[in-house]
Each structure stands twice: as C-alpha cells, then as structure tokens.
Amino acid sequence: MKVIIVEDEIAASDQLIFLLNTIDSNIEVVKVLDSVKTAIKYFSNISDASLIFMDIHLADGISFEIFEQVKIETPIIFTTAYDQYAIKAFKVNSIDYLLKPIDEDELSEAIQKFKNRSNEDSSLNNQIHGMLQVLQAKTKPYKSTYLVHHKDELLPIKIENIAYFYIDTGVVKAITSENKAYIIDKKLEDIEDELNPEVFNRVNRQFIINRNAIENIKHYFNGKLIINISPIAKERIVVSKAKATGFKKWVDL
C-alpha cells in the first residue's frame, strides 16, 4: 500500500513512518510534503497513493486550503496536535483522525478501518467542505487580552500572563503569574471558547489552566490526577479518570 504524508515537522513524519513500517511492512511512504504550497503542486497531478496522512496545521496555513485548489479522491486520515474543536467535525463527517502524539494502536485501528472501507464510495470533497466550514469557524484569532476592572481603573491583562482561571464562590477569576487576582465578568465556558487550546486546558468544571503554570502532576486514586501549579491554587486541582489520558497527551505535545 502506497502512502503520502503531509506534515511539516520532520520528527513527527519520521515517527509516523516508523509506526507505519512497524504495523505493516508492506506500507510504502512514497512522498512526504511539508506545506500547503507543495501539497497543492503535488496533488495537481495524478497520484497512485492509496492513503494520505495529513496534518491540519502546516507552516504556511491550514491543510484544508489544499482542497480549495485541487480535487483529491484519495482517502485521508487527518492528524492534529491540539485542535479539540475540530474532532467533532471529523466524527460527524466520518473521516478518521489521529490525535498527536500518535498512538500505535490507534494508528493500526485507523488503517484497518480504511481497509474495511476501501471498497465504499465516499464523497470526500463534500466531507472536506463541511469540515473546512467548521474549522474556519473555530480558527478566529484567540483572545490576547482581557480588560478588567481594578479599583477605579481598567487594566489590560495579557493572556500569556494568566496562569489559570477558576470559579471562586460563583465568580470567575483570573490569576496571573505574579499571583494577582482579577474578576472576569464571563462564564468559564465562554472563556474556554476564547482561549488557544494548545496553551489552556479546561481540566475540570472549576479550572482552566495555562500549561506553563504546571509544576508537576501526581497520580491520585482511581486513575485520577492532581495538578500542582504556580502560583499555588487555593483548592486542589483534580483531573478525573475520564479526562486523565487526554490531559497527559495535551501536556506532552
């Protein structure tokens, strides 16, 4: 089976090639493309590849832009490092995806799923169009500053200076790296939607934390985790067993 990889990180493409060869020695990676531009040029010609692995975020843009320029009939398995919002779109449109760092078992299952569906007729470009609309709706610029009230002033607080957000007796507060607290007049759900999910994670119902604030992670009972952050939070931050695996993958990006 011939495979094409669209990935701009050399380490990621090398790891994927290694896993593919481990799973099936008959898989041949015929080409690695590292940008939207090179992919458009390559796919403008007929390809005999059976399957494409494509990263969503490339150095020069979003890979879905490729489909605005060329028509690709080859089945695709998308990979993503952090775009949690797009994952629902993948499921709705019945297109496989792999969350980075790629797990060998999940990769093997995705390949088997492709083989099982290889004889099915699918409208790939219609699926891509729907996915593109969803992703574009979520790729608006992330919040960079919160304007907060402080005494008789309005202060602009930069996102990168916020260590975490949390709910304190019904009030949402932002805690900066200097351990200063500011009230944010929004729901935690709305704040979550405004933040870059590569940097911030809604670890439980009460906390959204900045990955740079994490000091260490400890195992807790029943598969749960405890996160220690700086500045120290007033309350223990616990990650449920259901969220533990996804959280560890997020930290290990």
| query | What residues, two or more places apart in sequence or in another chain, satisfy salt bridge (Lys or Arg N to Asp or Glu O under 4.0 Å) together with Asp14? | reply | none
| field | Phe67 six-ring centre to Lys71 NZ/CZ under 6.0 Å and within 45° of normal | value | no
| Quick one: hydrophobic cluster around Val171, which other residues, with the 4.5 Å side-chain cut-off, linked directly or via members? | Ile183
| query | How does the hydrophobic cluster around Ile46 look, that is, which other residues are in it when side-chain heavy atoms under 4.5 Å mark a link? | reply | none
| With Lys187 via salt bridge (Lys or Arg N to Asp or Glu O under 4.0 Å) - residues at least two apart | none
| message | Do Leu16 and Ile5 make a side-chain contact, defined as non-hydrogen atoms from C-beta onward lying under 4.5 Å apart? | response | yes
| said: According to side-chain contact (heavy atoms from CB on, under 4.5 Å), who are the partners of Ser44, at least two apart in sequence or on a separate chain? | reply: Ile40, Val70
Donor-acceptor pairs are to be reported for all side-chain atoms of residues 231-247 against protein atoms at under 3.5 Å, with residues two or more places apart or in another chain.
residue: Glu235; atom: OE1; partner: Gln206; partner atom: NE2; Å: 3.3
residue: Glu235; atom: OE2; partner: Gln206; partner atom: NE2; Å: 3.3
residue: Arg236; atom: NH1; partner: Tyr220; partner atom: OH; Å: 2.9
residue: Ser240; atom: OG; partner: Lys243; partner atom: N; Å: 3.4
residue: Lys243; atom: NZ; partner: Arg202; partner atom: O; Å: 3.4

| task | Please answer whether the main-chain N or O of Ala59 pairs with a side-chain N or O of Asp8 as donor and acceptor at a distance below 3.5 Å. | result | yes
| said: Any non-hydrogen side-chain atom of Ser50 less than 4.5 Å from a side-chain atom of Thr74? | reply: no
| task | Sequence neighbours left out, what passes side-chain contact (heavy atoms from CB on, under 4.5 Å) with Thr145? Give chain and number order. | result | Pro156, Lys158
| remark: For residues 26-52, the salt bridge (Lys or Arg N to Asp or Glu O under 4.0 Å) pairs (sequence neighbours left out) are Lys2-Asp48
| message | Check this for me, if you would: do Glu7 and Lys100 make a salt bridge, where the nitrogen-to-carboxylate-oxygen distance has to be below 4.0 angstrom? | response | yes
| said: Applying side-chain contact (heavy atoms from CB on, under 4.5 Å), can you list everything that pairs with Asn212, at least two apart in sequence or on another chain? | reply: Asn210
| remark: The salt bridge (Lys or Arg N to Asp or Glu O under 4.0 Å) partners of Asp24 (sequence neighbours excluded) come to Lys115
| field | Under 3.5 Å donor-acceptor, Arg211 side chain and Phe200 backbone | value | no
| message | Show, in sequence, the C-alpha distance, side-chain angles and deciding distance for Ile184 and Val148, and conclude whether the side chain to side chain contact (heavy atoms under 4.5 Å, CB included) test is met. | response | CA-CA 7 Å; Ile184 306 295; Val148 301; 3.5 Å; yes
| query | In terms of the angle between their ring planes, are Phe207 and Tyr166 parallel, tilted or perpendicular, with boundaries placed at 30° and 60°? | reply | parallel
| task | Please check if the side chain of Ser63 supplies one atom and the backbone of Asp55 the other of a donor-acceptor pair under 3.5 Å. | result | yes
| said: Just checking Phe64 against Phe78, ring centres under 6.0 Å apart? | reply: yes
| query | Quick one: are Leu107 and Leu98 in side-chain contact, heavy atoms under 4.5 Å? | reply | yes
| message | Between Val172 and Ile191, is there a side-chain heavy-atom distance shorter than 4.5 Å? | response | yes
| note | The complete set of ring pair (Phe, Tyr, Trp, His ring centres under 6.0 Å) pairs with one or both residues in residues 22-55, sequence neighbours excluded, reads none
| Set of residues satisfying salt bridge (Lys or Arg N to Asp or Glu O under 4.0 Å) with respect to Lys186, sequence neighbours excluded | Glu194
